[in-house]
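Since this is a predicted model, take the numbers as computed values, not measurements. Numbers for residues simply follow the sequence, beginning at 1.
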Amino acid sequence: MSDPVQSLPPLRDVIAEHGLAARKGLGQHFLLDLNLTLKIARAAGDLTTGTTVEVGPGPGGLTRAILMAGADRLIAIEKDERCMAALAPLVAAAAGRMTLLNEDALKVDFAAIGAPPVKIISNLPYNVGTPLLVGWLEKAEAIASMTLMFQKEVAERITATPGTDHYGRLSVLCNWRCRTDYLFTLPARAFTPPPKVDSAVVQLVPYDEVPFPGRMDLLQRVTAAAFGQRRKTLRRSLKQLGVPVDSLLERSGIDGSLRAETIDIEGFGRLTEAFEALLKA
């Protein structure tokens, strides 16, 4: 018996029928190649238990692949009202396995979205990808994994290591909370319309217990200060935190003459822990 999802009209026909030209203002670039979307969906592992979440399904290319990869319970969140009618046949073909929400993903509580394990799989809109990710890191205890597509440069920042060109605030936040992996690159020509840059898929798997010191909310403040002016030493950049910098550096065992891009995750954890102690002092 054939899968009803596979019997749906080609995506290009769906886009044409519903006038779904990708909108630059929404950061939309549609991935229509089923071989590539299946590669992304399968990279997320077993989807037959718990809840799979997709943000920004658009015309439903990756959505089809997620269902074909065996997702038992899929929640798709789409802000663009135009896409709802185009996705309706897909909801019907999923026969109870898919729920479609016409909402802004930045306002959705992912900690209460569905039965665990919760796995997020998304070709994220370019303009909100990073804010979404940081929000998920704050609720990472409720998320089993995130298999996400970003602009290649953002993917490189997420997975960067200390001392490399792409290492920055996002690298620290992601790797403090998760194990990160750069999975593969997708060329711009694979998308409709083609963006100006290549994209890449990364996977983040939250730690059951964070192996580094510090608190996420305070880590965000420390990294914002440290990387806010990359050419400055930590002794100068951390002044904006409003605590005695010499005490902060001494408590954390960090050399204040260094710059932020040379400090590893453990070091930022110690800085954050020292910052918390000074706030309480």
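At distances below 3.5 Å, at least one donor-acceptor pair connects side-chain atoms of Lys119 with backbone N or O atoms of Asp46. Checking side-chain atoms of Thr185 against main-chain N and O of Ala200 turns up no donor-acceptor pair under 3.5 Å. Remark: side-chain polar atoms of Glu54 are not paired, donor with acceptor, to backbone N or O of Leu62 under 3.5 angstrom. Of the possible polar contacts, one joining the Thr51 side chain to the Ala115 backbone as a donor-acceptor pair under 3.5 Å is found. Using modelled atom types, one side-chain atom of Arg97 and one backbone atom of Ala71 make a donor-acceptor pair closer than 3.5 Å. Here the side chain of Asn102 pairs no donor or acceptor atom with the backbone of Ile77 at under 3.5 angstrom.
Of all heavy-atom pairs spanning Ile121 and Ala44, the tightest one is CD1-CB, 3.5 Å. Scanning both residues, Leu34 and Ala65, for their nearest heavy atoms gives CD1-CB, 4.3 Å. The heavy-atom pair separating Cys174 from Ile158 by the smallest distance is SG-CG2, 3.9 Å. Residues Val55 and Ala105 approach most closely at CG1-CB, 3.6 Å, considering heavy atoms. Closest non-hydrogen pair, Ala76 versus Pro57, comes out as CB-CG, 4.0 Å. Scanning both residues, Ala144 and Pro117, for their nearest heavy atoms gives CB-CB, 3.7 Å.
Residues satisfying the ring pair (Phe, Tyr, Trp, His ring centres under 6.0 Å) test with Phe275, not counting sequence neighbours, are none. Contacts of Phe110 classified as ring pair (Phe, Tyr, Trp, His ring centres under 6.0 Å), with partners at least two apart in sequence or in another chain: Trp136.
Remark: Asp104 CG to Glu78 CD distance equals 10.5 Å, nearest 0.5 Å. Put simply, OG1 on Thr99 and CG on Leu74 are 8.0 Å apart, with the number rounded to the nearest 0.5 Å. Taking CG from Asn123 and OG from Ser199, the interatomic distance works out to 7.0 Å, rounded to the nearest 0.5 Å. In this structure, CZ on Arg73 lies 10.5 Å from CE on Met98, to the nearest 0.5 angstrom. Atom CZ of residue Arg259 and atom CD of residue Gln229 lie 12.0 Å apart, to the nearest 0.5 angstrom. To the nearest 0.5 Å, atoms CD (Glu266) and CZ (Arg270) are separated by 5.5 Å.
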Evaluate the criterion side chain to side chain contact (heavy atoms under 4.5 Å, CB included) for residue pair Asp109 and Lys139; output intermediate values, then yes/no. CA-CA 9 Å; Asp109 182 6; Lys139 299 288 182 68; 3.5 Å; yes
Might you work through the side chain to side chain contact (heavy atoms under 4.5 Å, CB included) test for Lys39 and Val201, ending with a clear yes or no? CA-CA 10 Å; Lys39 185 177 182 180; Val201 177; over 6 Å; no
Given the rule in the side chain to side chain contact (heavy atoms under 4.5 Å, CB included) test, do Val5 and Leu90 qualify, once you have shown the distances and angles that lead to the verdict? CA-CA 7 Å; Val5 173; Leu90 186 50; 4.0 Å; yes
Residues Arg235, Asp246; criterion salt bridge (charged side-chain N to carboxylate O under 4.0 Å, His left out); working and verdict: CA-CA 8 Å; Arg235 179 168 278 107; Asp246 287 340; 3.5 Å; yes
What verdict does the side chain to side chain contact (heavy atoms under 4.5 Å, CB included) test give for Leu204 and Leu133, after you've listed the backbone C-alpha separation in whole Å, the side-chain angles of each residue and the deciding distance to 0.1 Å? CA-CA 10 Å; Leu204 300 93; Leu133 175 57; 4.2 Å; yes
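The hydrophobic cluster containing Ile254 also contains Ile265, counting ILVMFWY residues as joined when their side-chain heavy atoms lie under 4.5 angstrom apart, directly or transitively. Under the 4.5 Å side-chain contact rule for hydrophobic residues, Leu137 and Met149 do not share a cluster. In the hydrophobic clustering of this structure, Tyr182 does not group with Ile40; members are Ile, Leu, Val, Met, Phe, Trp, Tyr whose side-chain heavy atoms approach within less than 4.5 Å, directly or through other members. Linking ILVMFWY side-chain heavy atoms closer than 4.5 Å, directly or via other members, places Leu148 and Phe184 in two distinct hydrophobic clusters. Linking Ile, Leu, Val, Met, Phe, Trp and Tyr whenever their side-chain heavy atoms come within less than 4.5 Å puts Leu8 and Leu67 in one cluster.
Residues Phe191 and Leu186 meet the side-chain proximity criterion, which asks for heavy atoms closer than 4.5 Å. The shortest distance between side-chain heavy atoms of Glu156 and Gln151 does not fall below 4.5 Å. Taking the side chain as every heavy atom from C-beta outward, Leu219 and Arg177 never approach each other to under 4.5 Å. Side-chain contact between Cys178 and Gln203 is absent, with no heavy-atom pair separated by less than 4.5 Å. Between Leu238 and Leu249, some side-chain heavy-atom pair lies under the 4.5 Å cut-off. Contact check for Thr272 versus Pro213: no side-chain heavy atoms found under the 4.5 Å cut-off. Taking 4.5 Å as the limit, every side-chain heavy atom of Val210 sits out of range of all side-chain heavy atoms of Met216. In this structure the side chain of Asp217 never reaches within 4.5 angstrom of the side chain of Glu138, judged on heavy atoms.
Side-chain polar atoms of Arg169 and Thr223 form a donor-acceptor pair below 3.5 angstrom.
In Asp208, the CG atom is not crowded: 12 or fewer heavy atoms of neighbouring residues, nucleotides or ligands sit closer than 6.0 Å. Within 6.0 Å of CG in Asp165 there are 12 or fewer heavy atoms belonging to other residues, nucleotides or ligands. In the displayed structure, Glu153 atom CD is contacted under 6.0 Å by at most 12 heavy atoms of other residues, nucleotides or ligands. Applying the 6.0 Å contact sphere to CD of Glu250 captures no more than 12 heavy atoms from other residues, nucleotides or ligands.
Just one residue in the list Val202, Leu183, Asp181 forms a side chain to side chain contact (heavy atoms under 4.5 Å, CB included) with Thr159, and that residue is Val202. Leu278 pairs in a side chain to side chain contact (heavy atoms under 4.5 Å, CB included) with only one of the listed residues (Val245, Leu241, Val243), which is Val243.
Using cut-offs of 30° and 60° for the angle between ring planes, the Phe268 and Tyr167 rings count as tilted.
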